[in-house]
Amino acid sequence: MTTVPAGWAVAAAGLLGLLTTAAAVFDGVLTARAAGARSSGLGTPVWEVARLLRQRRRSTVAADHLLWRIGGAGLLVMSLMIVTVVPLGRWTLFDLDVGVVWFNAMDVLAWAFVWLTGWGANSAHSLVGGYRFLAHGLAYELPLMFALVAPAVAASSLNVGTVAAAQDGLWFVVWMPVAFLAYCLGAVAIAVWGPFSPALGADIAGGVTAELSGVDRLLFTGGRYALLAAGAAFAVPMFLGGGAGPLLPGWAWVLLKTVAVLAVFVWLRRRLSVLRPDLFMEFGWVVLLPAVLVQDLVVAAIAVGKG
């Protein structure tokens, strides 16, 4: 694994921006198709960005503007921090020995940022949305953490590049399907996406986004798409063999796999029903968490046997 100079962080941010834009465009196309619109939906993200840039920021009485703005922009920053440990073929920005733990640390920040967005507005609807997200977080966080334990145990390392290299010949997703599913659920949940979007529910006037407007809403919405892209990118070295693949160079395979996973994440938004936080909490603790722990036990037994 080759660590590139810090200046390449700009290129990494640009690449994440392209993936984020692609996710927004694909979502716009699916939205237009579902609504039966005459337009293709390809330009929807462009018009929405232009609209929000023109819109004046609103504010509520006694809002905590600092916390509110930190929460709104935090998801975008968090996604940028995640991709710093994702290897692009044999290149990476940070070759951390604890790269897997780094992802978990960034993932937990979503709790703080979404909550601050709901709290800082000093609005009842926003606050209820923040509580809904925390309820979902209580259900998905532990399964997500234990899902990442499986590939780390199999590779005997917390280094993301080492985990990717350990999948030579057989991707971890093949014999760790439960861990992969739990990871995907967690990656979608931290983006407040699809079935995990009650925090943005129409029944509470948009929840945590109820009082967001202008650039603030643009940053929060863009951060959600960016987190989907970052979550898809991190799945590649952890479960999908990293840059392994025929003919093409490793970096190309990483991008292709990331785009494929990201497309599935976006597509599933309209294919899965919204999950009530209380019901998903019961499922997460009674079904999902024990299933992931059994998966970890199986992986550990196999790893010990090989060792």
Side-chain angles (χ1 to χ4, degrees), residues 67-68 70-72 74-75 77-79 81-82 100-121 123-152 176-210 220 223-224 226-228 230-232 234-235 238 265 268-269 272-297:
L67 297 182
W68 196 13
I70 289 175
L75 297 183
V77 176
M78 191 175 98
S79 63
M81 299 302 289
I82 288 174
V100 178
V101 179
W102 174 265
F103 175 87
N104 271 328
M106 295 300 104
D107 154 49
V108 173
L109 287 178
W111 289 45
F113 291 139
V114 177
W115 167 254
L116 288 178
T117 305
W119 171 268
S123 165
H125 291 131
S126 296
L127 189 59
V128 171
Y131 276 122
R132 285 184 176 182
F133 181 78
L134 292 183
H136 266 146
L138 290 172
Y140 79 74
E141 186 61 41
L142 276 179
L144 173 59
M145 294 175 65
F146 282 110
L148 292 175
V149 167
M176 303 178 190
V178 176
F180 179 67
L181 176 61
Y183 170 83
C184 289
L185 287 175
V188 170
I190 63 176
V192 203
W193 190 260
F196 300 97
S197 59
L200 313 177
D203 59 321
I204 49 175
V208 295
T209 62
F220 186 85
R224 292 174 62 215
L227 273 180
L228 279 181
F234 197 76
M238 295 302 293
F265 284 173
L268 285 177
R269 177 183 180 185
L272 298 178
S273 301
V274 174
L275 300 172
R276 277 175 44 187
D278 56 328
L279 294 181
F280 181 69
M281 190 181 301
E282 181 178 355
F283 172 78
W285 283 87
V286 176
V287 178
L288 188 58
L289 181 58
V292 174
L293 290 175
V294 171
Q295 175 79 94
D296 288 345
L297 180 61

Q.
Please report whether the ring centroid of F133 lies less than 6.0 Å from that of W111.
A. no
Q: For this output row, return yes or no: ring centroids of F113 and F220 closer than 6.0 angstrom.
A: no
How many angstroms lie between [atom1] in [X] and [atom2] in [Y], if you round to the nearest 0.5 Å?
{"X": "M106", "Y": "M78", "atom1": "CE", "atom2": "CE", "answer": "8.5 Å"}
{"X": "E141", "Y": "L134", "atom1": "CD", "atom2": "CG", "answer": "11.5 Å"}
{"X": "L109", "Y": "I190", "atom1": "CG", "atom2": "CD1", "answer": "10.0 Å"}
{"X": "H125", "Y": "D203", "atom1": "NE2", "atom2": "CG", "answer": "8.5 Å"}
{"X": "L227", "Y": "I82", "atom1": "CG", "atom2": "CD1", "answer": "5.5 Å"}
{"X": "L181", "Y": "Q295", "atom1": "CG", "atom2": "CD", "answer": "10.5 Å"}

How close do [X] and [Y] get, counting heavy atoms only, and between which atoms?
{"X": "V188", "Y": "P195", "value": "CG1-CD, 4.5 Å"}
{"X": "A179", "Y": "A147", "value": "O-CB, 3.3 Å"}
{"X": "A235", "Y": "F180", "value": "CB-CE1, 4.4 Å"}
{"X": "G231", "Y": "F265", "value": "C-CE1, 4.3 Å"}
{"X": "P290", "Y": "G284", "value": "CD-O, 4.4 Å"}
{"X": "A205", "Y": "A210", "value": "O-CB, 3.2 Å"}

**Q.** Test side-chain contact (heavy atoms from CB on, under 4.5 Å) applied to L289 - qualifying residues, sequence neighbours left out
**A.** L142, P143, F146, W285, L293
Q) Who passes side-chain contact (heavy atoms from CB on, under 4.5 Å) against V274, sequence neighbours left out? A) S197, P198
Examine distances only and state if a side-chain atom of [X] and a backbone atom of [Y] form a donor-acceptor pair shorter than 3.5 Å.
{"X": "Y183", "Y": "M238", "answer": "no"}
{"X": "T117", "Y": "W68", "answer": "no"}
{"X": "H136", "Y": "L275", "answer": "yes"}

Q) Would the number of heavy atoms belonging to other residues, nucleotides or ligands and lying under 6.0 Å from CE of M145 be above 12? A) no
(Q) So for atom CH2, which belongs to W119, do other residues, nucleotides or ligands contribute more than 12 heavy atoms lying within a distance under 6.0 Å? (A) no
Q: Would you check, one step at a time, whether the test side chain to side chain contact (heavy atoms under 4.5 Å, CB included) holds for L200 with R224?
A: CA-CA 12 Å; L200 313 177; R224 292 174 62 215; 3.4 Å; yes
Q: Kindly indicate whether the side chain of L148, heavy atoms from C-beta on, has any atom under 4.5 Å from the side chain of N104.
A: yes
Q) Less than 4.5 Å apart, any side-chain heavy atom of L144 and any of L185? A) no
Q. Checking side chain to side chain contact (heavy atoms under 4.5 Å, CB included) for the pair L288/Y140: CA distance, chi angles, key distance, verdict?
A. CA-CA 9 Å; L288 188 58; Y140 79 74; 5.9 Å; no
Q: Please report the C-alpha distance between R132 and D278 in whole Å, then the side-chain angles of each, then the deciding distance to 0.1 Å, and finally whether the salt bridge (charged side-chain N to carboxylate O under 4.0 Å, His left out) criterion is met.
A: CA-CA 9 Å; R132 285 184 176 182; D278 56 328; over 6 Å; no
Q: Return each pair, listed once, that meets salt bridge (charged side-chain N to carboxylate O under 4.0 Å, His left out) where at least one residue sits in residues 105-114; pairs must be two or more places apart or across chains.
A: none
